[in-house]
Amino acid sequence: MEIRNIAIIAHVDHGKTTLVDNILHSTNVFDDHEDAGELIMDSNDLEKERGITIFSKNASVEYKGVKVNVIDTPGHADFGGEVERVLKMADGVILLVDAFEGPMPQTRFVLKKALELGLRPIVVVNKVDKENCRPDEVHEAVFELFFQLDASEEQLDFPTFYGSGKQGWFNTSLEQCEDITPLLDGIIEHVPAPKIEEGTLQLQITSLDYSSFLGRIAIGKVKRGSIKEKQTLSICKRDGSVEKQKVKELYIFEGMGKKKVEEVQAGDICAIIGITDFNIGETLADLENPEALPLIDIDEPTMNMTFGINNSPFFGKEGKFVTSRHIKDRLDAELERNLALRVEPTSSGDTFLVFGRGIMHLGVIVETMRREGYELTIGQPQVITKEIDGRKHEPFEVLVVDVPDEYSGKVIDLVTQKKGEMLIMESKGSVQHLEFDIPSRGIIGLRSMMLTATAGNAIMAHRFSEYKPWKGEIPGRLNGVLIAKDKGTATPYSINKLQDRGTFFIDPNEEVYNGQILGENTRRDDIVINVIEAKQLNNMRSSGNDDSMRIAPKRQFTLEEYMEYIDNDECIEVTPASIRLRKLSLDHNERKRQKRSMVAG
């Protein structure tokens, strides 16, 4: 059977997973009585809630006698390393672009990697049913992007399809058709079959899966030769050594699942069970004559954060796993499958330094642990600096903001305060398209400030570009916080009385403890407040007095917003039931002493 291996790449939220849904439905992967729902490939709970893809996944469909292996990739910059690796399994890519937004930062990043690997692209302009969409302009912008990225003559001659994943049609023109058949025909026609070389087995491990029953599962494309069940083979390691390993079971992808087989030929993608102690980028090769493929570089982390035990007064009340041993074991298990992650011990046995690709990457790990029943304390995210030619360098990112005309001045002002420099400013109808070069430190906390300044109208995206010389101090949060004085239950009476002091992050009748952050002050300094004071009862009553109490709803945060919000003397207490902000030092007098010694120092 002929094979086509294709990866779907795009910026976050441009419709990759919806396109995979369409391919699965059009090729009758599901029976008529099965209701598969939407965003089938986003099977993880976090993926369903956030509406984004976090882990790349494989599916396989059959169309007109050809087996098409489809790889759905993440679109968020923090998971870019995942995209880079899985492109090694593909022979062609579908580049999906939003008909209104056009090419975005992550589009550029993943396309650059695909073109460098020499993959044949098919461009799909999605969401042409959107208001104000501009498919012809977007097509021009995509061509311009290919040109800037030094695409070859063959790659520049890319086929383009237009359509709407939501409405379930794609065509070679803007004319609406019944289904996505023209696109499927295009895949068969334009994506080359895998190049099969003569010789002994070569399979590069480009992805891994993990099962609590089977352990680690290696996934990759057979580049040369064939691989059999129960075969003894060599594994060419990163350090140059060669080890003998035995394949226990072999699977190929079929529909949404896997099918057990005895042998896999060159050109197909398979999952291998039974191999231990392997890493991404290593090569499975012939036992007698092992030949390694070039190693895949894995993206360096750009940010780190401390993970420690929950040492607040509410320790152990809501979680099942609360000790440092539990946290260490869980982080070690995460290292098995999460390649962009690094964990280092610190001087304290209760705290670990965790390195990742960005706030979203680290936030997903914390959120997953929280849902599994872990309690932990996480510190402020810090960027990783490097010493280059005797000078301190820090990571810089390209920041892209699309914002209505009337707010563009506020956005430029905010980014400039964070040491950003404008690169591009152009109009797209009533929307200003702005691009900046900004230190990664400046992006921490910028999203919430920008949404406040633009009344929620800013669309913001960013990606890592390079390390540049240190830019100096960047101003952090502008406002101070409201800190609890004592442990107890917050009363409506106290909160109502203190509302003019700032915005609260808690509701009345919530349990609080001294040193916990309860809200944001309207001024720059921190203040300690008493929210557990009850109303003094006396014999003077007036009817309806308590009914006039009007308490504003608390300010809601996501975990990533909390991570961007905190200052360097604060941390986040994460438990399965709640997320609380607190000061590192809970005692008010101790905090005063530390502040005095810092000023004196």
Side-chain angles (χ1 to χ4, degrees), residues 1-9 16-31 34 36 40-41 43 56-73 85-96 114 117-122 124 159 161 170 179-198 201-207 209 217-229 231 247 249-273 284:
M1 188 188 279
E2 275 194 71
I3 294 173
R4 300 286 186 274
N5 297 316
I6 191 148
I8 301 180
I9 57 175
K16 293 180 297 299
T17 307
T18 308
L19 174 59
V20 178
D21 289 358
N22 285 322
I23 292 172
L24 292 171
H25 284 298
S26 300
T27 50
N28 302 320
V29 166
F30 303 104
D31 295 332
E34 285 186 274
I40 305 152
M41 294 289 271
S43 50
S56 65
K57 298 175 201 68
N58 298 55
S60 173
V61 299
E62 201 176 305
Y63 179 71
K64 292 187 177 176
V66 178
K67 180 182 180 182
V68 181
N69 286 316
V70 182
I71 307 160
D72 184 20
T73 63
R85 294 195 319 273
V86 297
L87 286 176
K88 292 263 185 181
M89 294 194 279
D91 299 298
V93 291
I94 291 180
L95 176 71
L96 207 61
L117 290 168
L119 301 179
R120 287 291 303 274
I122 294 174
V124 175
F161 293 84
F170 287 100
D179 52 23
I180 68 162
T181 308
L183 177 59
L184 292 169
D185 290 335
I187 292 172
I188 305 296
E189 183 186 342
H190 299 291
V191 176
K195 283 183 193 157
I196 295 167
E197 300 166 24
E198 290 297 315
L201 169 68
Q202 271 189 327
L203 181 151
Q204 190 157 38
I205 301 167
T206 45
S207 188
D209 205 348
I217 302 167
I219 298 171
K221 183 172 84 170
V222 183
K223 191 157 190 327
R224 205 172 73 180
S226 66
I227 185 167
K228 298 184 181 74
E229 196 178 28
Q231 179 180 349
V247 177
E249 292 177 8
L250 207 53
Y251 290 83
I252 57 168
F253 293 91
E254 192 173 80
M256 287 292 299
K258 297 186 185 85
K259 177 187 172 187
K260 192 175 177 188
V261 289
E262 289 181 1
E263 184 176 8
V264 179
Q265 298 291 339
D268 208 350
I269 295 170
C270 64
I272 304 139
I273 292 167
L284 301 183

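Side-chain atoms are counted along with the backbone in the values below, which use heavy atoms only and exclude waters and symmetry mates.
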Minimal non-hydrogen separation, P159 against P121, with atom names: CD-O, 3.6 Å
Spacing of I272 atom CD1 and I219 atom CD1 [to the nearest 0.5 Å]: 9.0 Å
Point-to-point distance, once rounded to the nearest 0.5 Å, from CG of D268 to CD1 of I196: 9.5 Å
Residues 259-266 side chain polar contacts: donor-acceptor under 3.5 Å, at least two apart:
{"from": "E263", "atom 1": "OE2", "to": "S226", "atom 2": "OG", "distance (Å)": "3.0"}
{"from": "E263", "atom 1": "OE2", "to": "Q265", "atom 2": "NE2", "distance (Å)": "3.2"}

Electrostatic pair K221:D91 at N-O distance under 4.0 angstrom: yes
Member of V66, V93, I122 meeting the side chain to side chain contact (heavy atoms under 4.5 Å, CB included) criterion with V191: I122
For the student: nearest non-hydrogen atoms of G220 and T206, plus distance: CA-OG1, 3.8 Å
Inter-residue atom distance L284.CG - Q204.CD, 0.5 Å rounding: 9.5 Å
Least distance between heavy atoms, A114 atom then I9 atom: CB-CD1, 4.1 Å
I227/L250 under side-chain contact (heavy atoms from CB on, under 4.5 Å): CA gap, chis, key distance, verdict: CA-CA 8 Å; I227 185 167; L250 207 53; 4.0 Å; yes
Side-chain heavy atoms of V70 within contact of V68, under 4.5 Å: yes
Spatial distance of atom CZ (F170) from atom OG1 (T181) [nearest 0.5 Å]: 12.0 Å
Q231 side-chain N/O to K228 backbone N/O, donor-acceptor pair under 3.5 Å: yes
Heavy-atom side-chain contact between L203 and C270 under 4.5 Å: yes
Nearest-0.5 Å distance that lies between atom CD in E2 and atom OH in Y63: 14.0 Å
Non-neighbouring partners of R120 that pass side-chain contact (heavy atoms from CB on, under 4.5 Å), sequence neighbours left out: E154, P192
Derivation and outcome, side-chain contact (heavy atoms from CB on, under 4.5 Å), residues V222 and Q202: CA-CA 6 Å; V222 183; Q202 271 189 327; over 6 Å; no
S60 side chain vs E254 backbone, donor-acceptor pair below 3.5 Å: no
F161 and I94, any side-chain heavy atoms less than 4.5 Å apart: no
All salt bridge (charged side-chain N to carboxylate O under 4.0 Å, His left out) counterparts of K223, not counting sequence neighbours: E197
Backbone N/O of G267 and side chain of N5: donor-acceptor pair under 3.5 Å: yes
Donor-acceptor contact present, side-chain R4 to main-chain I188, <3.5 Å: yes
Nearest-0.5 Å distance, CD1 of residue I6 to CG of residue N69: 11.0 Å
Contacts of K88 that satisfy side chain to side chain donor-acceptor pair (under 3.5 Å) - sequence neighbours left out: none
Salt bridge (charged side-chain N to carboxylate O under 4.0 Å, His left out) involving D179 - partner list, sequence neighbours excluded: none
